[in-house]
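Worksheet: the structure to be examined is printed underneath.
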Amino acid sequence: KSALGAKLIKIGEPDIDRAKEAVRPLVTFENEWRFKQQFPYYLTDPENLYLLKILPSADEGDFTFDDRNGNQFVAKLRPVSTRELAKFITPFNSPSGPKPLYLRNPERYYWYEYLPDSKTLYLHYRRCANMPSQPFNGFAAALMKFMDKNPVERMVIDLRLNGGGASVIFEPLIKALSKRRDVNQPGRLFALIGRGTFSSACLNALKLKRETKAILVGEPTGQRPNFYGEVETTTLPHSKLRVHYSTRYFKTTDGDPPALAPDIQVEPSSSDYASGRDPALERALSYR
């Protein structure tokens, strides 16, 4: 709890920038936005930290933090088994307020909420797949009915945490939105993208940009618009290791830009996260 909200400045002896660069060769990425999204997972793996000589042991290590008043302190941390169900502490456990919209309902592939003050329909699309309890076609039909019966003046589609799947699942909704005069207007339809927008979600964002009047808000995507996808899996006969491999190259744009860039770039900060703010959503809601 003492480290919650503090800034990590050292792992063992190396400062955080040296530790981050040490794991770079282990991370698969196409651009810096993907690296930003991925490297924290590698810095929390004790075996990585030990084998890269960041820590002298995989059993425990010293992590140095700056608290919010600029005071340094060291916490000695030990790894938790992957078999244990660790209960993580977040800033939202305090009575300060509810989680921001983008962090709610993590178990659901997609969901929506109406924001009556701004007459905005917020759609969170977390995974490009059919949810067993409600296939996307049925969900989209219910969404259209809701829009028919309620005063929706703005729609925000959140793709920031979507790592992909099957892009075709979302495409019928894009087609339906392209025909709606209530939201398919400049300044009324938005898609939030970021470093976590990947694979099929990137294709969906690109299609929204091209086939509707959606404005992209947030960070660049974690991959190039031209990419390899449609991943299959095989097991090697001798080692029994499972290998994932791509079967198709998607050429979606001229040249080879490093990312799908937003029309309006908004980068969140750690203080935004700790306070429950969502500056990208705020920018979409305040657009005039």
Side-chain angles (χ1 to χ4, degrees), residues 1-97 99-100 102-104 106-107 126 160-164 194-198 219-223 236 239-244 267-279:
K1 289 184 178 181
S2 64
L4 184 63
K7 182 180 181 180
L8 178 63
I9 59 172
K10 290 175 66 176
I11 301 178
E13 291 302 320
D15 62 38
I16 193 62
D17 288 332
R18 283 177 56 202
K20 184 173 71 173
E21 289 306 307
V23 299
R24 183 179 286 269
L26 306 182
V27 184
T28 303
F29 62 97
E30 290 187 330
N31 60 33
E32 281 300 304
W33 298 97
R34 180 66 173 177
F35 179 69
K36 287 182 179 181
Q37 194 263 346
Q38 286 289 305
F39 83 79
Y41 300 108
Y42 290 78
L43 285 180
T44 56
D45 187 317
E47 293 177 342
N48 287 342
L49 299 178
Y50 171 63
L51 293 171
L52 292 170
K53 297 180 170 47
I54 297 171
L55 288 178
S57 169
D59 298 322
E60 65 177 19
D62 291 338
F63 290 70
T64 306
F65 297 88
D66 263 343
D67 65 19
R68 296 181 182 181
N69 298 317
N71 301 314
Q72 289 190 13
F73 65 96
V74 177
K76 189 175 289 293
L77 303 180
R78 294 177 178 82
V80 177
S81 169
T82 55
R83 296 183 179 89
E84 293 184 34
L85 295 176
K87 183 178 181 181
F88 289 97
I89 304 168
T90 76
F92 316 111
N93 294 131
S94 65
S96 59
K99 289 182 181 180
Y102 75 98
L103 291 177
R104 297 180 194 176
E107 75 286 352
R126 183 182 290 265
R160 288 174 293 178
L161 300 181
N162 194 319
R195 65 187 75 174
T197 307
F198 198 74
E219 299 176 305
T221 57
Q223 69 167 67
L236 298 180
S239 65
K240 306 303 179 184
L241 292 173
R242 297 182 69 200
V243 175
H244 305 284
E267 294 185 35
S269 67
S270 58
S271 59
D272 292 329
Y273 173 79
S275 63
R277 286 190 59 229
D278 184 349

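Computed from a prediction, not measured in an experiment: that's the story for all the values here.
- No side-chain heavy atom of F63 sits less than 4.5 Å from a side-chain heavy atom of V74.
- For the atom pair OH of Y102 and CZ of R160, the computed distance is 7.0 Å after rounding to the nearest 0.5 Å.
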Practice item. Show the numbers, then the answer: is there a side-chain contact (heavy atoms from CB on, under 4.5 Å) between D45 and V23? Key: CA-CA 10 Å; D45 187 317; V23 299; over 6 Å; no
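- Qualifying side-chain hydrogen bond (donor to acceptor under 3.5 Å, both in side chains) partners for Q37, counting only residues two or more places apart in sequence or in other chains: R34.
- Partners of K7 by side-chain contact (heavy atoms from CB on, under 4.5 Å), not counting sequence neighbours, listed by chain and number: I9, D66.
- Between the side chain of D67 and the backbone N or O of N69, at least one donor-acceptor pair lies under 3.5 Å.
- Here the side chain of R104 pairs a donor or acceptor atom with the backbone of K99 at under 3.5 angstrom.
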Review point. Going through the checks in order, is the salt bridge (Lys or Arg N to Asp or Glu O under 4.0 Å) test met by E107 and R126?
Key: CA-CA 9 Å; E107 75 286 352; R126 183 182 290 265; over 6 Å; no
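- Closest of all the heavy-atom pairs between T64 and Q72 is CG2-OE1, 3.9 Å.
- Listed here is the closest heavy atom pair of Y42 and T28: OH-N, 4.5 Å.
- By the 6.0 Å contact criterion, CZ on F73 is enclosed, its count of non-hydrogen atoms from other residues, nucleotides or ligands being greater than 12.
- Under the 4.5 Å side-chain criterion, counting only non-hydrogen atoms from C-beta, Q38 is not in contact with F29.
- Shown here for A19 and P14, the closest heavy-atom pair between the two residues is N-CB, 4.4 Å.
- Nearest heavy atom pair, residue P25 against residue A22, reads CD-O, 3.3 Å.
- Annotation: the span from I54 atom CD1 to N48 atom CG amounts to 8.0 Å, rounded to 0.5 Å.
- Side-chain contact between L52 and L26 is present, with heavy atoms from C-beta onward closer than 4.5 Å.
- Remark: the backbone N or O of D272 is paired with a side-chain donor or acceptor of S275 at under 3.5 angstrom.
- In summary, R18 and E21 do not engage in a salt bridge, as defined by a charged side-chain N under 4.0 Å from a carboxylate O.
- To the nearest 0.5 Å, the span separating NZ on K53 from CD on E13 amounts to 15.5 Å.
- Between atom CG of residue L55 and atom OH of residue Y50 there is a gap of 11.0 Å, rounded to the nearest 0.5 Å.
- With respect to D62, the salt bridge (Lys or Arg N to Asp or Glu O under 4.0 Å) criterion is satisfied by exactly one of R78, K76, K10: K76.
- A 4.5 Å side-chain heavy-atom check between L49 and T44 finds every atom pair outside the cut-off.
- Taken to the nearest 0.5 Å, the CZ atom of R195 stands 12.0 Å off from the OG1 atom of T221.
- Looking at P268 and E219, their side chains come closer than 4.5 Å, going by heavy atoms from C-beta outward.
- With a 4.5 Å cut-off on side-chain heavy atoms, L236 and V243 count as touching.
- Contact detail for F65 and A75: the closest heavy-atom pair is CE1-CB, 4.0 Å.
- Around CD of E47, the count of heavy atoms belonging to other residues, nucleotides or ligands within 6.0 Å does not exceed 12.
- Between N162 and T197 the shortest side-chain heavy-atom distance does not fall below 4.5 Å.
- In terms of heavy atoms, K20 sits closest to F35 at O-CZ, 3.7 Å.
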